[in-house]
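This report concerns only the one structure given below.
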Amino acid sequence: MKKKNINTIIFLCALAACLTPYIDPPLALFLGFLFSQICEHPFLGYNRKAVKYLLQLSVIGLGFGMNIYESLKSGQQGFVFTISSIAVTLLLGIAAGKYLKVKKNTTLLISAGTAICGGSAIAAISPLVNADEDEISVSLGTIFILNAIALFVFPAIGHFFLLSQNQFGLWAAVAIHDTSSVVGAAHKYGETALQIATAVKLERALWIIPLSFFIALKYKSKSSKINIPYFIFLFVIAMFINTMFPQLHTIGAYIVYAAKKGLTLTLFLIGTGLSRAALRSVGIKPLILGVFLWAVISISSLFIIIQTVN
């Protein structure tokens with residue numbers, strides 16, 4: 001049997017395993033990473049698009065298990081954290097990037113990815129600054145490596161500090177880059193943490209829009225299209241339906257279950273993209289910049305949340 005066929009069979013078997021109750025999001029990410037180190041991805045050209053759309057569908061599905069009033073309350077609670085952390089992260093990232101002599105575009109992409117929502121922010125901003133393929137790859141690689149670490153480390157830290165579901169959900173939404181890892185870590189911690197983290201993170205993701213407009217004006221790239229995360233509005237509609245039509249809760253429970261499995265598949269696919277070549281492409285200085293920003297936002301937000309949130 002050809003090697004490509006063997007890789008395809010292993011890949012499909014791993015995907016099927018992720019649909020079982022025995023594989024949670026962190027384990028799925030690890031399986032994907034393990035696959036990328038041993039086998040060649042048979043559908044690598046489709047991987048990024050599959051991750052994007054599967055994540056969006058999964059997030060929308062989670063809305064069918066959430067109450068819109070409680071989510072708005074959580075969003076208001078995280079609003080101050082969102083504004084202050086985005087501003088501090090961007091300013092600190094630009095200053096640190098200059099000090100480390102990281103390329104200007106790479107610095108901006110890593111800073112925006114850390115400040116708002118990881119890969120989505122990088123994808124939205126990169127065409128506005130005419131970032132080349134290497135700058136985008138390095139930025140995405142840095143963010144994805146830290147996301148993978150966060151998915152395993154954050155729940156353990158949360159339990160060590162005895163964080164409540166409310167505290168952990170807010171902390172995950174503020175301090176973890178990508179929506180996929182935020183939801184995965186919160187799902188591991190508990191149902192309430194999952195709902196809070198999802199609501200706050202998606203509210204945070206909307207800041208891509210004003211940031212994109214600002215960068216487009218600064219770089220005078222008016223011809224570049226600004227990517228608006230429209231799926232967030234579908235997520236809000238799903239929450240509205242779940243809140244206003246309780247008779248649909250039985251159906252909603254199945255949709256939420258399917259969404260959680262979709263998230264598990266998403267993290268497996270993200271793991272398959274963390275090949276040795278992708279890891280080598282990152283480079284030490286961009287990684288130092290990413291780790292520095294992540295450490296600052298994680299530690300400072302954890303301290304503030306412990307002191308101010310019940």
Side-chain angles (χ1 to χ4, degrees), residues 18 23-38 47-48 51 55 85 89 92-93 96 100 102 106 109-122 137-161 163 167-189 193-194 197-198 201 204 263-303 305:
C18 290
I23 307 294
D24 61 9
L27 183 56
L29 180 69
F30 176 74
L31 285 177
F33 176 74
L34 192 63
F35 176 87
S36 72
Q37 306 307 302
I38 300 172
N47 202 67
R48 188 172 293 181
V51 167
L55 174 62
S85 61
T89 302
L92 193 60
L100 291 169
V102 177
T106 303
L109 294 179
I110 292 175
S111 300
T114 305
I116 302 179
C117 56
S120 299
I122 291 171
S137 297
V138 166
S139 304
L140 287 173
T142 301
I143 294 298
F144 287 161
I145 289 170
L146 298 180
N147 274 325
I149 295 171
L151 190 58
F152 291 96
V153 170
F154 268 56
I157 294 175
H159 288 302
F160 179 81
F161 285 102
L163 297 185
Q167 288 174 322
F168 185 84
L170 183 57
W171 183 48
V174 170
I176 300 178
H177 310 79
D178 259 353
T179 303
S180 57
S181 291
V182 170
V183 177
H187 175 43
K188 182 78 174 175
Y189 205 79
L194 173 62
T198 305
K201 189 62 179 180
R204 190 181 185 88
L263 173 67
T264 303
L265 288 176
T266 301
L267 286 162
F268 170 76
L269 293 176
I270 289 173
T272 62
L274 292 172
S275 64
R276 277 173 283 185
L279 296 176
R280 283 196 300 266
S281 72
V282 171
I284 188 64
K285 286 187 177 181
L287 186 59
I288 291 173
L289 174 62
V291 170
F292 169 70
L293 290 177
W294 186 46
V296 170
I297 192 66
S298 300
I299 295 171
S300 60
S301 60
L302 177 61
F303 175 78
I305 287 169

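Just the heavy atoms: all of them, side chains too, but no hydrogens, waters or symmetry mates, feed the values below.
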Contact summary for [X] and [Y], nearest pair of heavy atoms:
{"X": "Ser301", "Y": "Ser298", "result": "OG-O, 3.2 Å"}
{"X": "Tyr189", "Y": "Gly158", "result": "OH-O, 3.1 Å"}
{"X": "Gly184", "Y": "Leu151", "result": "C-CD1, 3.5 Å"}
{"X": "Lys201", "Y": "His177", "result": "NZ-O, 2.7 Å"}
{"X": "Gly113", "Y": "Ile122", "result": "CA-CG1, 4.3 Å"}
{"X": "Ser111", "Y": "Gly93", "result": "OG-CA, 3.3 Å"}

> Considering residues at least two apart in sequence or located in another chain, which fulfil the ring pair (Phe, Tyr, Trp, His ring centres under 6.0 Å) criterion with Phe144?
Replying inline: none
>> Tell me every residue that passes ring pair (Phe, Tyr, Trp, His ring centres under 6.0 Å) with Phe35, counting only those two or more places apart in sequence or in another chain.
In response: Phe11
Between [atom1] of [X] and [atom2] of [Y], what distance do you get to the nearest 0.5 Å?
{"X": "Ile110", "Y": "Thr142", "atom1": "CD1", "atom2": "OG1", "answer": "4.0 Å"}
{"X": "Ile23", "Y": "Leu29", "atom1": "CD1", "atom2": "CG", "answer": "12.0 Å"}
{"X": "Phe33", "Y": "Ile145", "atom1": "CZ", "atom2": "CD1", "answer": "8.5 Å"}
{"X": "Leu263", "Y": "Phe268", "atom1": "CG", "atom2": "CZ", "answer": "14.0 Å"}
{"X": "Leu289", "Y": "Leu100", "atom1": "CG", "atom2": "CG", "answer": "6.0 Å"}
{"X": "Leu267", "Y": "Leu55", "atom1": "CG", "atom2": "CG", "answer": "8.5 Å"}

> For Leu92, what residues pass the side-chain contact (heavy atoms from CB on, under 4.5 Å) criterion, not counting sequence neighbours?
Replying inline: Phe292, Leu293, Val296
Side chain to side chain donor-acceptor pair (under 3.5 Å) against [X], all qualifying residues, sequence neighbours excluded:
{"X": "Ser36", "result": "none"}
{"X": "Ser85", "result": "Arg204"}
{"X": "Thr179", "result": "none"}

>> Please determine whether side-chain contact (heavy atoms from CB on, under 4.5 Å) holds for the pair Leu302 and Leu163, giving the CA-CA distance in whole Å, both sets of side-chain angles, and the decisive distance to 0.1 Å.
In response: CA-CA 10 Å; Leu302 177 61; Leu163 297 185; 3.8 Å; yes
Are [X] and [Y] packed together at the side-chain level, in the sense that at least one heavy-atom pair is separated by less than 4.5 angstrom?
{"X": "Ile270", "Y": "Ser180", "value": "yes"}
{"X": "Val182", "Y": "Thr198", "value": "no"}
{"X": "Ile149", "Y": "Phe154", "value": "no"}
{"X": "Val183", "Y": "Lys188", "value": "no"}
{"X": "Phe168", "Y": "Pro155", "value": "yes"}

Give a yes or no on whether the backbone of [Y] and the side-chain of [X] come within a donor-acceptor separation of less than 3.5 Å.
{"X": "Asp178", "Y": "Gly119", "result": "yes"}
{"X": "Asp24", "Y": "Leu27", "result": "yes"}
{"X": "Asn47", "Y": "Thr272", "result": "no"}

>> Check this for me: Phe152, atom CZ, are more than 12 non-hydrogen atoms of other residues, nucleotides or ligands nearer than 6.0 Å?
In response: yes
> Do you know which of Ile143, Thr89, Leu146 makes side chain to side chain contact (heavy atoms under 4.5 Å, CB included) with Trp294?
Replying inline: Leu146
